[in-house]
Structure formats: C-alpha cells, structure tokens
Colleague: 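This is the structure I have questions about; it appears just below.
Quick note on labels: first sequence line is chain A, next is B, and so on, each numbered from 1. Every heavy atom of this structure was used, including side-chain atoms; hydrogens, water molecules and symmetry mates were not.
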2 protein chains.
Amino acid sequence: MELLNKVENVRGRKRGSKRDPDASKQLLIKATLDSIADIGVTETTVSCICERSGLSRGMIHLHFGGKDNLLTAAAQHFSAQYYSEMDKMTDLGSDASPEDRVMAVIEADLSEALLNPRSTKIWHAFRGIASSHPGIARYSSTQDQKLVETLRLAFKEIAQKNERDPNLVDDATAGTLALLEGMWVNYLTDMQGFSRRRSVDLIRRFLCGLFPEKFKL
Amino acid sequence: MELLNKVENVRGRKRGSKRDPDASKQLLIKATLDSIADIGVTETTVSCICERSGLSRGMIHLHFGGKDNLLTAAAQHFSAQYYSEMDKMTDLGSDASPEDRVMAVIEADLSEALLNPRSTKIWHAFRGIASSHPGIARYSSTQDQKLVETLRLAFKEIAQKNERDPNLVDDATAGTLALLEGMWVNYLTDMQGFSRRRSVDLIRRFLCGLFPEKFKL
DNA sequence: GTCACTAATGGACGATCGTCCATTAAATGT
DNA sequence: ACATTTAATGGACGATCGTCCATTAGTGAC
C-alpha cells in the first residue's frame with residue numbers, strides 16, 4: 001500500500017482509493033472532453049465515455065443523473081479551466097500599465113495553453129450545439145463578464161480624458177474580443193498556417209489604430 | 001390538370017409533378033437545414049427530416065445514399081447560397097471605389113439576408129462538427145477563396161503606392177474577416193442586444209485605423 | 001471481525017437510430 | 001393500350017442509443 005495514496009484530498013477521501021466519487025466525476029468529465037476533441041460531440045456516446053474513463057456504464061447516471069447533465073458539467077468545467085488559466089496568465093502587478101494588461105489578455109488567449117487543437121475543437125463543438133442546448137449555452141459565451149470588464153476598465157484608463165468619443169471604449173473592448181474570436185476560428189480552420197505572433201500583431205494593429213499614442217507597432 | 005404544372009424544368013421533368021427527383025432532393029436539403037436551425041444537429045434524425053419534408057424514409061438513402069451524404073450536401077447548399085447572396089449584394093458597378101467595395105462586403109455579411117437566426121445557428125452547428133466530419137469541413141470555412149481575393153484586391157488598391165508595409169494588405173483582409181466572424185458569434189450569443197449598424201461602424205473604425213485617409217468615421 | 005453505508009459494477013431494457021429492400025405508382029416509350 | 005422505367009413508399013431489420021437497477025465490493029465506525 002503506497003503512502004502517497006493515503007494522502008487525503010479536500011473531501012476527506014483517500015487519493016487513489018478505489019472509491020473516490022470526486023475523482024470519478026473528474027474522470028468522466030475529462031473523458032467526455034477528450035472524446036469531444038477526438039471524435040466530436042455527435043459521436044460521443046455514453047459507451048464511448050465509459051470506455052475512455054475506464055469506469056462502468058452506471059457511473060454517469062449515478063454521478064450526473066444522465067448524459068445531458070454530464071455534458072453540461074463538462075462545458076462548465078472547460079469554461080472554468082479557461083478562465084482560471086487566463087487569470088493566471090494575466091496576473092501582472094497592480095502597477096502594470098493598462099496597455100500591458102490588454103496585451104496580456106490577448107497574448108494569453110492566443111497562447112498554446114489556451115489555444116490548442118483540443119480546446120479549439122471542444123470550444124466550437126459546444127458552441128455549435130449551444131443554441132439548442134440551454135444548459136451548455138451558459139458556458140459557451142466569450143462575453144464572460146469578468147474578462148469583458150477587465151478589458152473595458154483597461155481601455156477606459158487608456159482613453160482617459162482627452163477622448164470624447166463615447167463609443168471608443170466599448171468598440172475597443174468588443175473589437176478586441178471579436179478579433180480574438182476570429183483568430184480562434186482561423187486556428188480551427190487551418191492550424192498549420194496559423195501564426196500566434198502574427199495574430200497578436202494584427203490585433204495590436206487594430207488597437208494602434210484606436211489609440212495611436214498608446215500602442216505601437 | 002393545371003397548365004402551369006406542365007412547364008418543364010431544367011432536367012425535363014414536369015414541375016409540380018408527383019415525381020421530381022431534383023425537387024425531392026431540394027426538399028430534403030431544406031428540411032435538414034430547417035431542422036438543424038430549429039433543434040440542432042444532434043437531434044436532427046432521418047425520421048425528423050422525413051417528417052419535415054413530407055417525404056418517406058427511403059428517400060434519403062435513394063437520393064443521397066445515406067444521412068451523412070445528405071448532411072454534406074446540405075452544408076454545400078448552405079455555403080453556395082451564402083456566396084450567391086453575397087455576390088448579388090456586392091455587385092457594384094465596375095467603377096466603384098475599393099472603399100465602397102469593401103464596405104459592401106461588410107454590410108452584406110451583416111445584412112439580415114445573410115445574418116439571421118437561421119443562418120447563424122446552421123453555420124455554427126456545421127462548424128462545430130466540421131473538425132470531426134471532413135465532408136462538412138470543406139464548406140465551413142470563411143476563407144472562401146473568392147471572397148478573400150475580393151477583399152485583398154480592394155485593399156491592395158487602397159494601399160496602392162505610398163504604403164510600404166508588406167503586411168498591411170494581408171492584415172486588413174484577415175482582420176476584416178476575423179471581425180465579421182466575431183460579429184456572427186456576437187449575434188448568435190445575444191440576438192436581442194445585437195446592432196447591425198454598430199457592428200458595421202466598429203469594423204469601419206478598424207479600417208479607419210489602417211487607412212485613415214480612405215475610411216472615415 | 002462485524003455492521004452500515006455507499007461508490008461502483010455491468011447487464012437488462014425499451015426506444016430510437018440509420019440502412020435497406022420488396023413493393024407501389026407515376027411518367028414515358030412504343 | 002400495354003410495357004418499361006424509375007421515383008417514391010413504408011415497414012422490417014440489426015445495431016446502438018441512454019437509462020436504470022439489482023448486485024458487488026470497498027470503506028469507516030464500532
């Protein structure tokens with residue numbers, strides 16, 4: 001019996017135990033996301049998920065009450081993971097300039113940690129079924145309030161006083177997010193020809209047009 | 001027997017006849033697209049398609065050889081219809097300025113004819129399954145060569161001589177398409193809060209930043 | 001060691017999936 | 001009018017879907 005396996009996790013269960021409901025849940029969610037990335041949502045069946053997770057068929061109904069809820073939980077987990085990673089990569093010091101904070105968001109969103117084959121396929125798969133699946137729709141929006149506010153606040157600081165255009169801040173925020181969205185689509189469509197650096201530069205160029213004195217090419 | 005029903009169509013069949021293979025094909029494709037827009041790809045079964053089209057179950061296998069081929073044909077039809085409509089709306093006189101031609105593409109892409117609830121749902125549904133469905137992937141790319149070239153040519157004319165930045169034209173093209181892509185996502189996510197005019201203005205602002213003397217706010 | 005608890009198992013179940021084909025019926029050719 | 005051709009029908013079919021539950025087995029308390 002290995003010592004490491006006796007370490008208790010948050011819920012008080014033994015890690016590596018043969019009975020760990022939380023670990024099983026995570027295993028099912030991970031298997032679901034992997035399957036979606038590999039073979040698509042349409043082909044992701046409960047049999048397929050069970051096979052990938054190494055767990056038995058009954059587990060989905062036991063832990064999630066059905067496949068649909070598992071799918072929703074997977075979408076939620078995926079979304080949470082994205083924003084957790086985004087937070088980690090944009091946690092600059094509190095004295096960072098708003099320009100740097102904006103660029104940090106852009107570079108994080110286009111980094112390999114967030115933008116990779118697996119995440120892109122999962123992201124677009126969820127979005128594709130979101131409009132007919134209310135539970136998933138809640139987690140398939142880029143308009144995550146926190147991220148939007150981060151950008152809007154930074155742009156407001158950048159625009160500051162001498163700008164009197166009321167739509168400038170909103171346009172900068174919406175435009176940046178829209179461009180990032182488009183970059184993800186480009187990546188999904190043509191991973192070989194995609195360049196992270198050129199994508200960052202393209203968005204920088206957009207910002208350079210809005211705030212010529214703040215962003216430089 | 002009505003006279004109008006005797007008019008022959010391109011294939012020599014009688015229009016409105018009880019036996020018109022082409023009409024049946026179109027009916028199946030339309031029913032498929034409608035179903036995808038209404039209830040999503042996942043729920044779009046052959047029974048559902050047959051019910052909507054009013055045709056019998058055997059028709060799909062007869063005309064398309066299977067559900068998968070019908071789905072591909074539907075994606076192709078949808079794509080063709082998009083570009084046909086786009087062509088129609090951007091057919092300015094040959095003396096139109098490149099700026100006008102660019103704006104025509106943008107306004108067409110964001111017009112109600114192209115950007116509406118049905119088309120957005122279908123578009124994103126197809127894109128969501130494209131990465132695991134090679135047949136559909138061919139028709140789920142915005143990077144339609146013709147549209148890309150239209151934009152690139154116009155931007156090249158705009159940039160003309162005094163611009164020496166080698167990436168300017170490419171960035172303008174890619175940026176415009178990426179922004180349009182983002183606008184479609186915004187529309188899908190929040191149809192109520194979406195404004196076509198504001199979206200056009202946002203993209204115009206992007207172009208104004210790249211070509212300050214050519215595009216005006 | 002025994003008990004109570006519950007995570008986990010895996011097969012049974014009816015429903016529904018997509019495919020296929022024997023049959024029907026409408027249009028055309030002679 | 002009859003024969004030929006083929007679009008169209010609709011149910012049969014096996015496979016697979018997701019759900020559910022009787023059972024097994026791991027775990028902590030006593």
Colleague: A:Lys67 or B:Ser24: which one's nearest nucleotide on DNA chain D is closer to the 5' end?
Modeller: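 Its nucleotide being nearer the 5' end, the pick is B:Ser24.
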
Colleague: Figure out the CD1/C1' separation between A:Ile60 and D:dC20, and round it to whole Å.
Modeller: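 It is 13 Å, rounded to the nearest whole Å.
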
Colleague: Taking the basic N atoms (NZ, or NE/NH1/NH2) and the acidic carboxylate oxygens, is any pair closer than 4.0 Å for B:Asp201 and B:Arg205?
Modeller: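 B:Arg205 and B:Asp201: not salt-bridged.
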
Colleague: Round to a whole Å and report the spacing from CG of B:Asp68 to C1' of C:dC20.
Modeller: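 B:Asp68 atom CG is separated from C:dC20 atom C1' by 16 Å.
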
Colleague: Nearest 0.5 Å, please: how far is CZ in B:Arg198 from CZ in B:Arg196?
Modeller: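 Here the interatomic distance stands at 15.0 Å.
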
Colleague: Return the value, rounded to whole Å, for the distance between atom CG of A:Leu70 and atom P of D:dC20.
Modeller: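 Result: 15 Å.
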
Colleague: To the nearest Å, give me how far apart NZ (A:Lys25) and P (C:dA7) are.
Modeller: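 Going from A:Lys25 (NZ) to C:dA7 (P), I get 10 Å.
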
Colleague: Please give, in whole Å, the distance from C:dC5 P to A:Arg19 CZ?
Modeller: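 So the two atoms are 13 Å apart, to the nearest Å.
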
Colleague: Rounded to the nearest 0.5 Å, how far does CG of A:Asp100 lie from CG of A:Asp95?
Modeller: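 Result: 9.5 Å between the selected atoms.
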
Colleague: Is any side-chain nitrogen or oxygen of A:Ser56 closer than 4.0 Å to OP1 or OP2 of C:dT9?
Modeller: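 Yes, such a contact exists.
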
Colleague: Could you go through the salt bridge (charged side-chain N to carboxylate O under 4.0 Å, His left out) check for B:Arg204 and B:Glu99 one step at a time?
Modeller: CA-CA 10 Å; B:Arg204 197 204 312 276; B:Glu99 295 90 343; over 6 Å; no

Colleague: List in numerical order all residues of residues 29-53 of chain B for which some heavy atom is under 4.0 Å away from an atom belonging to DNA chain D.
Modeller: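 Residues of residues 29-53 of chain B that come under 4.0 Å of DNA chain D do not exist, since none gets that close.
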
Colleague: For the atom pair NZ (B:Lys30) and CG (B:Leu33), what is the distance rounded to the nearest 0.5 Å?
Modeller: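 The NZ atom of B:Lys30 sits 8.5 Å away from the CG atom of B:Leu33.
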
Colleague: Looking across every strand, which nucleic acid part, if any, lies under 4.0 Å from A:Leu62 by heavy atom: base, sugar-phosphate, or nothing?
Modeller: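 Result for A:Leu62 = base.
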
Colleague: To the nearest Å, how far apart are B:Asp20 CG and C:dA27 P?
Modeller: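 My rounded result for the distance is 10 Å.
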
Colleague: Do A:Arg57 side-chain and C:dT9 base share a donor-acceptor contact under 3.5 Å?
Modeller: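 It does not, because no donor-acceptor pair links the side chain of A:Arg57 to the base of C:dT9 below 3.5 Å.
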
Colleague: What is the separation between atom CZ on B:Phe64 and atom P on C:dT19, rounded to the nearest whole Å?
Modeller: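 Nearest whole value for this atom pair: 13 Å.
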
Colleague: Distance check: side-chain N/O of A:His61 vs OP1/OP2 of D:dC20, anything under 4.0 Å?
Modeller: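 So the side-chain polar atoms of A:His61 do come within 4.0 Å of the phosphate oxygens OP1 or OP2 of D:dC20, strictly under.
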
Colleague: Working to the nearest 0.5 Å, report the span between CD of A:Glu85 and CG of A:Asp109.
Modeller: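 Reported to 0.5 Å precision, the distance equals 12.0 Å.
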
Colleague: Can you tell me the distance, in whole Å, between the CE atom of B:Met59 and the P atom of D:dA8?
Modeller: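 These atoms are roughly 4 Å apart.
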
Colleague: From A:Ser199 OG over to A:Leu180 CG, what is the distance, rounded to the nearest 0.5 angstrom?
Modeller: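 CG of A:Leu180 is found 9.5 Å from OG of A:Ser199.
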
